[in-house]
Amino acid sequence: MKLTGVELRKVRMPLVAPFRTSFGTQTARELLLLRVATDETEGWGECGTLADPVYSPEYVDGAADVLRRYLIPALAARDRLDATNVGPALSVFHGHRMAKSALEMAVLDAELTACGVSLARELGAVHDRVPCGVSVGIMESIDHLLEVVGGYLDEGYQRIKLKIEPGWDVLPVRAVRERFGDIMLQVDANTAYTLADADLLARLDPFDLLLIEQPLAEEDIVGHAELAKRVRTPICLDESITSARSAAAAITLGACRVVNIKPGRVGGYLEARRIHDVCAAHGIPVWCGGMLETGLGRAANIALAALPGCVLPGDTSASGRYYHTDITAPFVLDDGHLPVPTGPGIGVRPIPELLDEVTTSTEWLPL
Ligand SMILES: CSCC[C@@H](NC(=O)CCC(=O)O)C(=O)O
Ligand SMILES: [Mg+2]
């Protein structure tokens with residue numbers, strides 16, 4: 001397969017409601033899509049970076065720049081192109097995992113499409129549908145939170161994840177537990193706490209949460225291991241897990257008992273599968289995280305979520321959780337599940353007129 005060109009396309013999709021986390025509030029999703037053209041077919045990739053470097057060091061314009069100046073030329077210089085040599089070809093460049101992931105995803109989609117193989121089959125999926133969780137932002141009141149959570153439960157979501165931060169943690173968790181009983185419930189702090197908050201976080205223990213996600217700073221693996229001795233609720237890592245090697249280290253140090261796998265954060269779906277396998281070998285449950293993906297990234301995430309070690313519902317929500325209109329056919333919750341795409345590659349394609357409506361810029365890089 002020969003690369004003939006790459007399209008960088010920025011899109012901006014309004015959210016159905018503001019989504020507030022400990023690092024800020026999103027009202028629209030600005031993101032970068034890639035379309036890779038080869039001599040045989042084309043493939044689509046989605047870059048999970050936010051518009052600003054507030055979740056991780058990457059951001060949309062930085063990802064576009066590193067793809068344009070370094071990653072795409074490095075790939076174009078390769079004689080043989082297949083998804084397994086994208087990682088090695090790009091390893092000379094440090095970091096920029098979400099940008100690398102988007103390029104690998106597009107090459108993987110093109111290659112699998114040409115072979116007529118689905119991403120789910122390529123990754124080793126064992127399910128044809130996946131149970132879905134939903135991520136709930138920080139709200140301005142407990143009443144509004146309970147109304148939103150009740151709505152998601154009515155829609156059939158099987159697990160509720162509450163964003164928390166200092167000042168919005170024990171009270172909302174207690175209120176949800178008291179109102180909705182023994183639902184599957186977890187929290188995500190996005191690094192908002194420090195080890196000095198251990199006693200505060202231990203006050204979440206009576207609520208039988210599935211996990212506390214990324215309470216401390218991304219680099220604070222030792223801190224998470226110390227926190228794990230002081231709180232009963234399992235620690236789950238997200239931002240800290242950037243590769244299979246870092247997952248093995250965190251598990252060995254006792255820093256986590258659960259892992260949120262986000263393919264973009266770790267450099268791609270192939271590394272995501274390696275993390276899945278490392279965690280399975282250590283008896284560590286995993287689930288597929290989300291970055292408010294369009295239907296393109298959502299389709300690929302659902303394929304990952306269908307792997308055997310993904311034993312907890314992921315942040316693989318329906319398209320309508322974030323968007324009035326997706327750029328692909330919408331993913332619609334059915335009995336609390338989403339179907340795993342079965343078509344070749346990621347199994348979905350953008351709908352041209354819908355994609356054009358949200359496109360803010362396109363750039364064609366001939367190779
Ligand atoms: C804008 S917040 C993105 C990162 C966040 N993602 C979610 O909360 C799930 C988002 C989704 O449902 O795609 C996380 O830290 O897990
Ligand atoms: Mg998280």
Side-chain angles (χ1 to χ4, degrees), residues 12-31 46-60 97-98 101 130-139 148-149 152 155 157-165 168 185-193 209-218 224 234-242 250 256 258-266 272 275 286-302 304-305 312-323 326 330-331 333 338:
R12 184 180 189 280
M13 298 167 69
L15 299 185
V16 295
F19 183 52
R20 183 178 156 194
T21 68
S22 62
F23 56 75
T25 300
Q26 311 280 321
T27 56
R29 187 69 170 95
E30 295 174 55
L31 60 79
E46 178 163 341
C47 184
T49 54
L50 299 182
D52 306 310
V54 290
Y55 163 78
S56 76
E58 295 186 78
Y59 60 102
V60 170
R97 289 183 177 85
M98 289 192 178
S101 172
V130 297
C132 299
V134 64
S135 183
V136 181
I138 294 168
M139 302 278 166
V148 169
V149 169
Y152 286 140
E155 285 184 50
Y157 283 105
Q158 302 202 30
R159 179 269 284 145
I160 296 292
K161 161 168 141 177
L162 303 179
K163 291 294 187 178
I164 62 171
E165 64 181 10
W168 182 267
L185 182 61
Q186 63 194 55
V187 295
D188 185 0
N190 287 109
T191 75
Y193 296 84
L209 298 175
L210 287 171
L211 53 94
I212 301 177
E213 186 179 344
Q214 199 68 46
L216 311 181
E218 176 183 338
H224 281 103
I235 302 292
C236 172
L237 292 178
D238 170 351
E239 289 90 332
S240 295
I241 305 300
T242 54
C256 63
V258 188
V259 170
N260 165 341
I261 300 180
K262 282 181 189 169
R265 185 192 72 222
V266 302
I275 292 173
V286 300
W287 52 282
C288 182
M291 290 301 292
L292 288 73
E293 286 86 356
T294 74
L296 297 171
R298 199 161 298 276
N301 284 354
I302 293 166
L304 178 74
L312 293 170
D315 286 341
T316 50
S317 313
S319 297
R321 185 289 178 230
Y322 291 105
Y323 305 115
D326 205 334
F331 282 91
L333 214 57
L338 286 177

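Only heavy atoms go into these numbers, but all of them, side chains included; no hydrogens, no water, no symmetry mates. One-based numbering, in listed order, for ligands and for the atoms of each. Everything numeric here is computed off the predicted structure, so don't read it as measured data.
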Legend entry - ligand 1 to Ser135 polar contact by distance, N or O atoms, under 3.5 Å: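 Yes: some nitrogen or oxygen of Ser135 is under 3.5 Å from one in ligand 1.
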Inset, instruction - Kindly confirm or rule out an N or O of Gln26 lying under 3.5 angstrom from an N or O of ligand 1. - result: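 Checking ligand 1 against Gln26, no N or O pair falls under 3.5 Å apart.
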Inset, instruction - Please determine if Asp315 and Arg298 form a salt bridge, counting it only when a charged side-chain N lies under 4.0 Å from a carboxylate O. - result: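 No.
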Inset, instruction - With sequence neighbours excluded, tell me which residues meet side-chain hydrogen bond (donor to acceptor under 3.5 Å, both in side chains) with Glu293. - result: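 Glu293: side-chain hydrogen bond (donor to acceptor under 3.5 Å, both in side chains) contacts with Asn301.
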Legend entry - side-chain hydrogen bond (donor to acceptor under 3.5 Å, both in side chains) involving Asp188 - partner list, sequence neighbours excluded: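 Here the qualifying residues are Lys161, Lys163.
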Inset, instruction - Considering heavy atoms of the protein only, find what lies nearest to atom 13 (O) of ligand 1 and give residue, atom and distance to 0.1 Å. - result: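 For this ligand atom, the closest protein heavy atom is Leu292 N, 2.8 Å.
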Inset, instruction - Check which protein N, O or S atoms are less than 2.8 Å from the Mg ion (ligand 2) and report how many there are. - result: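 There are 3 of them.
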Legend entry - Face-on cation placement of Arg20 at Trp168 ring, 6.0 Å and 45° thresholds: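 No, Arg20 and Trp168 do not form such a contact.
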For ligand 1, is any non-hydrogen atom under 4.0 Å from [X]'s backbone (N, CA, C, O), its side chain (CB onward), both, or neither?
| X | result |
| --- | --- |
| Arg321 | neither |
| Gln214 | neither |
| Val134 | neither |

Inset, instruction - Return the set of residues passing side chain to side chain contact (heavy atoms under 4.5 Å, CB included) with Tyr152 (not counting sequence neighbours), or none when no residue passes. - result: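 By the side chain to side chain contact (heavy atoms under 4.5 Å, CB included) rule, Tyr152 matches Val134, Val136, Val148, Glu155, Tyr157, Ile160, Arg321.
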